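Some notes on the structure that comes next.
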Protein chains: 2
Amino acid sequence: MAERKPTITDVARTAGVSKGLVSFALNDKPGVSPETRKRILEVAGDLGWRPSLSARSLSTSTSYALGLVIRRKPEVISADPFFPAFIAGVESVLAEEGRALVLSVVPDAAAELRSYRTLAGDSRVDGVFLTDLRSNDARFGLLAELRLPAVALGRPDPAVPFPSVQLDDTHGIAQAVAHLADLGHSRIAHVAGDPHMMHGGRRRSSFNEAMREAGLEPGLIVETDFSAACGADATRMLLEKRRPPTAIVYANDPMAIAGLGVAQQRGLRVPADLSITGFDGTDISGYVFPALTTITSDPVEWGRVAARTLLRLIAEGTAESVELPPAALLVRASTGPPPSDRGTVAAHS
Amino acid sequence: MAERKPTITDVARTAGVSKGLVSFALNDKPGVSPETRKRILEVAGDLGWRPSLSARSLSTSTSYALGLVIRRKPEVISADPFFPAFIAGVESVLAEEGRALVLSVVPDAAAELRSYRTLAGDSRVDGVFLTDLRSNDARFGLLAELRLPAVALGRPDPAVPFPSVQLDDTHGIAQAVAHLADLGHSRIAHVAGDPHMMHGGRRRSSFNEAMREAGLEPGLIVETDFSAACGADATRMLLEKRRPPTAIVYANDPMAIAGLGVAQQRGLRVPADLSITGFDGTDISGYVFPALTTITSDPVEWGRVAARTLLRLIAEGTAESVELPPAALLVRASTGPPPSDRGTVAAHS
DNA sequence: CCCGGCTACTAAACCGGTATAGCGTGACCT
DNA sequence: AGGTCACGCTATACCGGTTTAGTAGCCGGG
């Protein structure tokens, strides 16, 4: 039964033409008469011929695969809700295109650069996604040197020479702060992400700006590495202040859930004593008690759009950046009016 | 600067030998004198030569990559704590071997089979990991037909012709039930996973067995798809019983966290009114309130061992199955003595 | 009638490795 | 001294595509 896979030579012989012509017919190149083209494609279909990826890769030096390098320590990786969903979105596009995704998970910056080098050096991929943008990112130069097409996720510096797929998370943070201010909160803190990551930094600065717009004095900001452990620590620290915040805006859901745990452990009721907002709208965030008010994005769609953008960049040498619908606030049960001590509000109004 | 990559021909010319000999030297084949081998390797190093993966793939028809196909609906994928950590473990091994991981995320069974076919047909991978084993799994036959080496994750039927990397989760479940029985619980329920997945089914049957061993009558079992939503529904259902359970053993952490949320929403105190155990030992489970008593496995190590096993299977044509250290109970704060109504215990002792 | 140019196609080089057959040299054996 | 064999190496076919140069045949124009 399971014979050797037919090659282009088999197709050529069966169709009575040269193998070059088969190649032309397959790739819609001109110079093949309509009838011959039809016949070749028929024969190819009958024989069940599928061009060999490795042979094609060798002669065209393309791999028909895209790369995603994720830099996360193994301890933290499970907590990150973004990547699995993002990858699912990417795959939904790649599957129809007959392309594959090569994934690399690395623990640190050095390994990350090495990984890009290997991916490019081995021509394993035709292009890569760039996640967790950092300011002064060493990858920008490297990718340019390697001539590897790349699409950035998130809003890069204008100077960055890659198209990007962005989602305005500023808007979500602003909504969250406005929502809390409307409820009457004035001491609002922010448990921010890694300031070296651009989205961490951006959420932070939009928090500041939103506070200013709400007419509140700049809130306390704690920097973290986005992990639940850090989120818990940050929360403890905030709650031990002499005048603790009445609301905390977290930069992602796992930290918010950890913060919720800390608050409850200390006997605080959420939202009666403390309001909490998350970020990402992960599945689980709707099932904790109280259900988390969070800022939802759509990482699956993000993946789809990023994949399409990268494919276009590879095919046409250029691609437009895309702006996704902004992250929106999803009000659930973890936010409410602050406890009745309103001294601070009065003092500043 | 950035010249064309050197090829084996450049190395041969520079070293003054034929390119066949360079190939021999590189691959530690016999028939090369020690001095010549040394010289060739030196020249290769000086030139910065790296063999072309595609050329090598073409002539050896191997791809130096492994495949992982994950079947999850996009909505659920983020909630699964296993894969990211598992992948991190796999990567830590592959990175040192110069191999890559090709990832495929598919929504349903048909796409899953198609994905394996494509991966094999395109020789994209040299072998695959088999996750979420199901009874009468259509993949077993397919992989045999495709002659694709595979390593199964979890304990397959003895009939399954692949080596496997297993972790005895039976032990963890048994410990959890014993722990709860020791505390005095007698009405213990189990929120199980998908019964069509082998690990779902196995956790379920070991729950039954542990109950029997503890001298308790078989507890209520609810089947789910492992999602937080299902976990919440199942919990609601159990708590609405006329005699609700005093403890619930969940088949994974997200469901346990969702269950915790439901319980708290109904005004139950955990663990005073209801004890809860999870499964997986995810990062976040330690930060909810109360911290989740859970059964810990080590998915990162699992990934490492699975990768090594698959590589050995590919290289040597055969590999031993591996048994990982059993999952162990990690007692935290979500389990405690049952509420004082002990009628049922007395009735059965 | 001859030439130019277009169309449809073939032949062969090429991508960069691996694998095999063959060849010259020196050591060993009888 | 001649034959055999192992060793170290070269030349070349091969993997399965793409791509380029070249050619046969046909048509139209002058």
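In what follows, chains carry the letters A, B, and so on, assigned in the order in which the sequence lines appear, proteins first and then strands, with residues in each chain numbered from 1. Just so it is clear, the model here is predicted, and its values are computed rather than measured. The analysis underlying the following values was restricted to heavy atoms, covering all of them including side chains, and did not include hydrogens, waters or symmetry mates.
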Short N-O contact, Glu42(A) and Lys38(A), less than 4.0 angstrom: yes
I'd like to compare against my own output: the B/S/- annotation of nucleotides 8-18 of chain D with a strict under-4.0 Å heavy-atom distance to protein. SBB----BBBB
Within 6.0 Å of CG in Asn136(A), more than 12 heavy atoms from elsewhere: no
Rounded to 10°, tell me the angle between the two end axes of the helix from dC1(C)-dG30(D) to dT30(C)-dA1(D), each built from five pairs. 60°
Are the side chains of Glu145(A) and Arg117(A) in touch, meaning some heavy atoms are under 4.5 Å apart? yes
In whole angstroms, the gap separating C1' of dT19(D) from CG of Asp28(A) amounts to 16 Å
Can you find a heavy atom in the side chain of Leu133(B) that is under 4.5 Å from one in the side chain of Phe162(B)? no
Go through the steps for Leu26(A) and Ile8(A) under the test side chain to side chain contact (heavy atoms under 4.5 Å, CB included), then give the verdict. CA-CA 10 Å; Leu26(A) 178 75; Ile8(A) 198 172; over 6 Å; no
Report yes or no: is the cationic atom of Arg56(B) (NZ for Lys, CZ for Arg) under 6.0 Å from the centre of the six-membered ring of Tyr64(B), at an angle within 45° of the ring normal? yes
Suppose we screen for salt bridge (charged side-chain N to carboxylate O under 4.0 Å, His left out). Which residues come up paired with Asp194(B), at least two apart in sequence or across chains? none
For Arg304(A) and Glu301(A): C-alpha separation, side-chain torsions, deciding distance, then whether salt bridge (Lys or Arg N to Asp or Glu O under 4.0 Å) applies. CA-CA 5 Å; Arg304(A) 270 194 285 263; Glu301(A) 176 65 10; 3.0 Å; yes
